[in-house]
Amino acid sequence: MEPITTDDGSPTFRSVKYDEPYHSKSGAIEECFEKYINPMKIWEKENPVIYDVCSGMGYNAAAAIDAFLEKGHGIMTIYLYENDPEIIRKSLEINPAFKHYFIIKELVNTYFELELIELIKEINGKTIHLILRVGDARELIPKEIERADFVFFDPFSPKKHPEMWELQFFKDIFSKTKHGGVLATYSYARIVRDNLTAAGFVVSTGPTIGRRSPSTIARKE
Ligand SMILES: C[S@@+](CC[C@H](N)C(=O)[O-])C[C@H]1O[C@@H](n2cnc3c(N)ncnc32)[C@H](O)[C@@H]1O
């Protein structure tokens, strides 16, 4: 894993295994808000439940926490799915400019020091409930009981990590998404749109930021 600084000044790493950065080089923090949080308007849903698939250092979850604490209502529950403890631990070494990144660090410390996977924080009358699921998201999600309003789908690219973008996984996520729920992903590859559609989602184009092609928004109607 090699450290890099993205164009908005936020830190990330390059995966040697997948030969790809963990975030867009144009800006790791910008990518979280522009491709996931803002198009989904997570703050408009009371008591939102989020699946953060391939949560890595928890940037997408941290962006959701910042937006929810500023504008949201009730209890926000985020399930973070990540199979690599090394990248989870990296969050303790970095200081990306999220207002509440300390909550991600607290979750990670809770996991490594106390072997607990759950953290509940009460802030300004709102509640953040985080559940860290360490393992293969493709095995964990079908077993999940609580269904999601929002899914942040952020594996390495379909070219480098094709097994994460297969139809069966999208079908499993679809069955765990509530009606009216939304999945967002940075990729707009044809295979991604086709598999999301075949799984039952209604697919549309998301914002174009940092990369040449737009991102993808998929709704369960
Ligand atoms: C593009 S990075 C995501 C970055 C992340 N969203 C963040 O904010 O740091 C892809 C992540 O998927 C993880 N991953 C790869 N295979 C996985 C699997 N089968 N289940 C869960 N996570 C996986 C990798 O370890 C890596 O952290």
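In each ligand, atom 1 is the first atom listed, and ligand 1 is the first ligand listed.
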Which side-chain N or O atoms in residues 40-53 pair as donor and acceptor under 3.5 Å with protein atoms at least two apart or in another chain?
unit_1 : atom_1 : unit_2 : atom_2 : d
Asn47  : OD1    : Ile75  : N      : 2.8
Tyr51  : OH     : Glu146 : O      : 2.7
Asp52  : OD2    : Ala61  : N      : 3.4

Run the side-chain donor-acceptor check on residues 126-135: report pairs under 3.5 Å with partners two or more places apart or on a different chain.
unit_1 : atom_1 : unit_2 : atom_2 : d
Lys126 : NZ     : Phe68  : O      : 3.3
Lys126 : NZ     : Leu69  : O      : 2.9
Lys126 : NZ     : Gly72  : O      : 3.2
Thr127 : OG1    : Glu122 : OE1    : 3.0
His129 : NE2    : Glu118 : OE2    : 2.6
Arg133 : NE     : Glu144 : OE1    : 3.1
Arg133 : NE     : Glu144 : OE2    : 3.4
Arg133 : NH2    : Glu144 : OE2    : 2.7

query = Would you call Lys178-Asp149 a salt bridge at under 4.0 Å N-O?
reply = yes
task = Answer yes or no: is there an ion pair linking Arg14 with Asp19, defined by an N-O contact shorter than 4.0 Å?
result = yes
Ser26 and Ser24: side chain donor to acceptor below 3.5 Å = yes
task = For ligand 1, list the protein residues that place a heavy atom within a distance below 4.0 Å of one of its atoms, sorted by chain and number.
result = Tyr22, His23, Cys54, Ser55, Gly56, Met57, Gly58, Tyr59, Asn60, Glu82, Asn83, Asp84, Ile87, Gly135, Asp136, Ala137, Asp154, Pro155, Phe156, His161, Met164
request  = Sequence neighbours left out, what passes side-chain contact (heavy atoms from CB on, under 4.5 Å) with Lys220? Give chain and number order.
outcome  = Arg147, Phe174, Thr177, His179, Phe201
